[in-house]
Amino acid sequence: MTPAEVRRRFATARVARLATVRSSGAPHLVPVTFALDGDRIVSAIDAKPKRTRRLARLDNIVHEPRACLLVDGWSEDWSQLWWARADGTASVCDIDERAVRLLQARYPQYADEPPAGPVVVVEVEHWSGWSAGSTGA
């Protein structure tokens with residue numbers, strides 16, 4: 001897939017998997033809601049039930065800012081399979097009003113209860129992807 005096709009498919013996905021690195025060096029993977037803003041991906045900590053608002057992904061990013069997000073399209077018809085990945089540098093900020101507006105535009109659940117943050121921002125440095133209808137990764 002071309003970088004433009006990877007970005008297009010990424011933007012249409014409803015959920016991504018965010019991979020970060022724990023201080024021990026172990027990988028940490030969680031599903032996240034997100035919005036694409038050019039070559040920037042934003043995700044915010046929202047009101048869904050959690051044990052704490054100081055989530056491991058936030059500590060991981062402070063320790064090691066390299067991050068990866070993956071989305072995919074699954075089908076029992078394997079000729080329709082695809083994935084798109086964004087590799088970049090992540091940061092954590094208290095609140096990002098633009099990010100909140102973008103997330104609200106994507107997810108109706110945020111209309112009445114916008115995410116309060118913190119916000120994870122990934123500056124994408126490399127897009128990659130694969131589809132059953134193309135070759136290469």
Side-chain angles (χ1 to χ4, degrees):
M1 287 191 290
T2 66
E5 177 65 8
V6 171
R7 286 182 80 257
R8 185 193 69 74
R9 289 190 190 219
F10 201 102
T12 65
R14 300 301 291 159
V15 64
R17 274 61 177 180
L18 171 65
T20 58
V21 181
R22 296 180 189 272
S23 60
S24 67
H28 181 252
L29 186 68
V30 292
V32 296
T33 56
F34 71 94
L36 188 58
D37 185 16
D39 281 331
R40 187 177 105 132
I41 299 167
V42 296
S43 180
I45 307 306
D46 57 33
K48 288 190 297 292
K50 298 165 182 63
R51 285 179 283 180
T52 176
R53 298 201 40 92
R54 190 64 195 170
L55 302 177
R57 71 189 86 158
L58 304 175
D59 291 337
N60 295 347
I61 290 167
V62 169
H63 165 75
E64 171 54 74
R66 290 179 297 173
C68 176
L69 291 110
L70 179 75
V71 300
D72 66 292
W74 170 258
S75 173
E76 293 297 331
D77 175 357
W78 285 11
S79 70
Q80 301 300 307
L81 300 177
W82 63 269
W83 58 262
R85 190 175 85 204
D87 297 300
T89 302
S91 59
V92 177
C93 60
D94 288 332
I95 197 64
D96 180 319
E97 292 301 327
R98 179 174 173 79
V100 171
R101 286 193 306 277
L102 290 168
L103 289 163
Q104 286 178 306
R106 270 182 65 81
Y107 300 99
Q109 298 88 335
Y110 290 151
D112 293 331
E113 192 169 2
V119 174
V120 172
V121 178
V122 178
E123 299 289 342
V124 179
E125 297 157 4
H126 182 72
W127 294 98
S128 58
W130 172 87
S131 74
S134 67
T135 59

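Nothing fancy with the numbering, it's 1 onward along the sequence.
- Minimum heavy-atom separation, Met1 to Val6: CB-CG2, 3.8 Å.
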Start with the C-alpha distance between Val32 and Val120, add both sets of side-chain angles, then the distance that settles side chain to side chain contact (heavy atoms under 4.5 Å, CB included), and finish with yes or no. CA-CA 10 Å; Val32 296; Val120 172; over 6 Å; no
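- Between Ile95 and Ala116 the shortest heavy-atom distance is CD1-O, 3.5 Å.
- A 6.0 Å sphere centred on CH2 of Trp78 holds no more than 12 heavy atoms belonging to other residues, nucleotides or ligands.
- Tracing side-chain contacts under 4.5 Å through hydrophobic residues (I, L, V, M, F, W, Y), one never reaches Ile45 starting from Leu102; they form parts of separate clusters.
- In this structure, Val62 is not a member of the same hydrophobic cluster as Val21, with clusters built from ILVMFWY side-chain heavy atoms closer than 4.5 Å.
- The distance from atom CZ of Phe10 to atom CG of Asp72, rounded to the nearest 0.5 Å, is 10.5 Å.
- Checking side-chain atoms of Glu123 against main-chain N and O of Thr89 turns up no donor-acceptor pair under 3.5 Å.
- Contact check for Gln109 versus Thr33: no side-chain heavy atoms found under the 4.5 Å cut-off.
- Every residue two or more places apart in sequence or in another chain was checked for a ring pair (Phe, Tyr, Trp, His ring centres under 6.0 Å) with Trp82, and none qualifies.
- Nearest heavy-atom pair across Trp127 and Gly38 is CZ2-O, 4.3 Å.
- The two residues Gln80 and Ser75 come nearest to each other via the heavy atoms CB-CB, 3.8 Å.
- Note that the CG atom of Asn60 and the OG atom of Ser24 stand 8.5 Å from one another [nearest 0.5 Å].
- To the nearest 0.5 Å, the span separating CD on Gln104 from CD on Glu113 amounts to 11.0 Å.
- A heavy-atom distance below 4.5 Å is found between the side chains of Leu81 and Trp74.
- Checked by atom type and distance alone, the side chain of Arg106 pairs as donor or acceptor with a backbone atom of Phe34 at under 3.5 Å.
- Linking Ile, Leu, Val, Met, Phe, Trp and Tyr residues whenever their side-chain heavy atoms come within less than 4.5 Å leaves Leu18 and Leu29 in two separate clusters.
- For Asp77, the CG atom counts as densely surrounded, since its 6.0 Å shell holds more than 12 non-hydrogen atoms of other residues, nucleotides or ligands.
- Between Arg40 and Val121, some side-chain heavy-atom pair lies under the 4.5 Å cut-off.
- More than 12 heavy atoms of other residues, nucleotides or ligands sit less than 6.0 Å from atom CZ of Arg8.
- Other residues, nucleotides and ligands place no more than 12 heavy atoms under 6.0 Å from the CZ atom of Arg66.
- We find that Glu5 and Arg9 are joined by a salt bridge, their nearest charged nitrogen and carboxylate oxygen being less than 4.0 Å apart.
- Of the residues Arg17, His126, Arg85, the one that meets the side chain to side chain contact (heavy atoms under 4.5 Å, CB included) test with Cys68 is Arg85.
- Considering all non-hydrogen atoms of both residues, Leu103 and Ala35 come closest at CD2-N, 3.7 Å.
- Taking the charged nitrogens against the carboxylate oxygens, Asp39 and Arg7 do have a contact shorter than 4.0 Å, which makes a salt bridge.
- Put simply, the side chain of Tyr107 gets close to the backbone of Arg14: a donor and an acceptor are under 3.5 Å apart.
- The minimum heavy-atom distance linking Val119 with Ala44 is given by the pair CG2-CB, 4.0 Å.
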